[in-house]
Number of protein chains: 2
Amino acid sequence: MEAVRDLFQIMTRRFGFLNKNCCSAGGVELSLVQSHILYEIDRQHKPSIQQVADALGTDITTFSRQIQSLIKLNLVKKTPDPEDRRVYILSLTTEGMYVATTIDEQMNAYLSEIFSQMNEFERETVIRSIKFLNEAMAKSNQCCTPIVE
Amino acid sequence: MEAVRDLFQIMTRRFGFLNKNCCSAGGVELSLVQSHILYEIDRQHKPSIQQVADALGTDITTFSRQIQSLIKLNLVKKTPDPEDRRVYILSLTTEGMYVATTIDEQMNAYLSEIFSQMNEFERETVIRSIKFLNEAMAKSNQCCTPIVE
DNA sequence: TTAATTTATTTGTAAATTGCAAGTTTATAA
DNA sequence: TTATAAACTTGCAATTTACAAATAAATTAA
């Protein structure tokens, strides 16, 4: 197999730029990391701090502080879990939800623009390919998840 | 178009993990950023500091310091450009080349493992799709390049 | 039931990363 | 030849990071 890595490296870099340019909404200027956190909280169902940190592969102590700053920005809410009082459940505030949604819409708009250069068939193929790839990565145990030592 | 962003977000996150777990070679422990820099210096033809910083979308002052630390690690070399004495040409040292190559091989090995789950046709399709996507992103002027204001 | 262990989270601290402002040096334009 | 611009570096100061250690609650073992 030739230089598959190059393809990935360039693609993810480009997508990274997209994300980077995309992170302010509702008068709030977010860092890339913060935008990823909002995304992940939104995506998961009542996640704990630990769960989101794991999903993003961030050190828990770092993550704890990141959450603190997002709470200060009034984008994230921390609720004690009644089931287990060690745990805090994370959720987006109304404002956080607005910001996350806005970013999401912008990202999708950018992506639409990219895909608009393709015809229906090409678009379908590319999207199906990415889905497929994600599944393959999920199945692989050697890679693609944060290191758990 | 449905939630294309999700596909991308997950894919790039997974690839990010891959990169993250992949950054030590030849007894040197590199950060993700450092590994990206080696990659980009290797890829470009006698790039200047500015060029690599631009390609990676990093602030030039930050980048200047990152190069300094890679020089200290004896992975990167800075040569004055005879054509324009303001400019420094970056290149990898022998050791830097070794590290970059090792990381590259590891990444490709991981990717091979992922692709080994697919049959020949699927593999071809996925790879062609990513190439295609890269071209589309390159053509788009709205996105996918670092902000130049 | 108590003691020991594990899990979730936070804080102390110190190092690394970042970027703006300002500076140096060389090239180019007026 | 003076002014402007471009490539790069340094001085900060703020932010981000992660390891070690602490707290508090749950679980498990004795």
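Every chain is numbered from 1 and lettered A, B, ... according to where its sequence line falls, protein lines coming before strand lines.
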Q) So do B:I130 and A:S129 actually touch side chain to side chain, heavy atoms under 4.5 Å? A) no
Q) Within a strict 4.5 Å, meaning less than it, do heavy atoms of the B:D81 and B:K46 side chains meet? A) no
Q. So B:R13 and B:I10, side-chain contact (heavy atoms from CB on, under 4.5 Å) or not? Walk me through it.
A. CA-CA 5 Å; B:R13 185 190 296 169; B:I10 298 302; 4.3 Å; yes
Could you pull out every donor-acceptor pair under 3.5 Å between side chains of residues 88-96 of chain B and any protein atom, sequence neighbours left out?
| from | atom 1 | to | atom 2 | distance (Å) |
| --- | --- | --- | --- | --- |
| B:T93 | OG1 | B:N74 | O | 2.7 |
| B:T93 | OG1 | B:L75 | O | 3.3 |
| B:T93 | OG1 | B:E95 | N | 3.4 |
| B:T93 | OG1 | B:G96 | N | 2.9 |
| B:E95 | OE1 | B:N74 | ND2 | 3.4 |

**Q.** Approximate separation, where rounding is to 0.5 Å, of B:F8 CZ and A:I127 CD1
**A.** 7.5 Å
Q: Using the heavy-atom set of chain B and a strict 4.0 Å cut-off, write down the first and last nucleotide of DNA chain D that makes it in, 5' to 3'.
A: D:dA6 to D:dC12
Q: List the protein contact pattern of nucleotides 13-26 of chain C with one symbol per nucleotide (5' to 3'): B for base contact, S for sugar-phosphate-only contact, - for none; contact means a heavy-atom distance under 4.0 Å.
A: B----SBBB----B
Considering residues at least two apart in sequence or located in another chain, which fulfil the salt bridge (charged side-chain N to carboxylate O under 4.0 Å, His left out) criterion with [X]?
{"X": "B:R43", "result": "B:E40"}
{"X": "B:E83", "result": "none"}
{"X": "A:D104", "result": "B:R5"}

Q: Hey, which sits more toward the 5' end of DNA chain D by its nearest nucleotide, B:Y88 or A:E83?
A: B:Y88
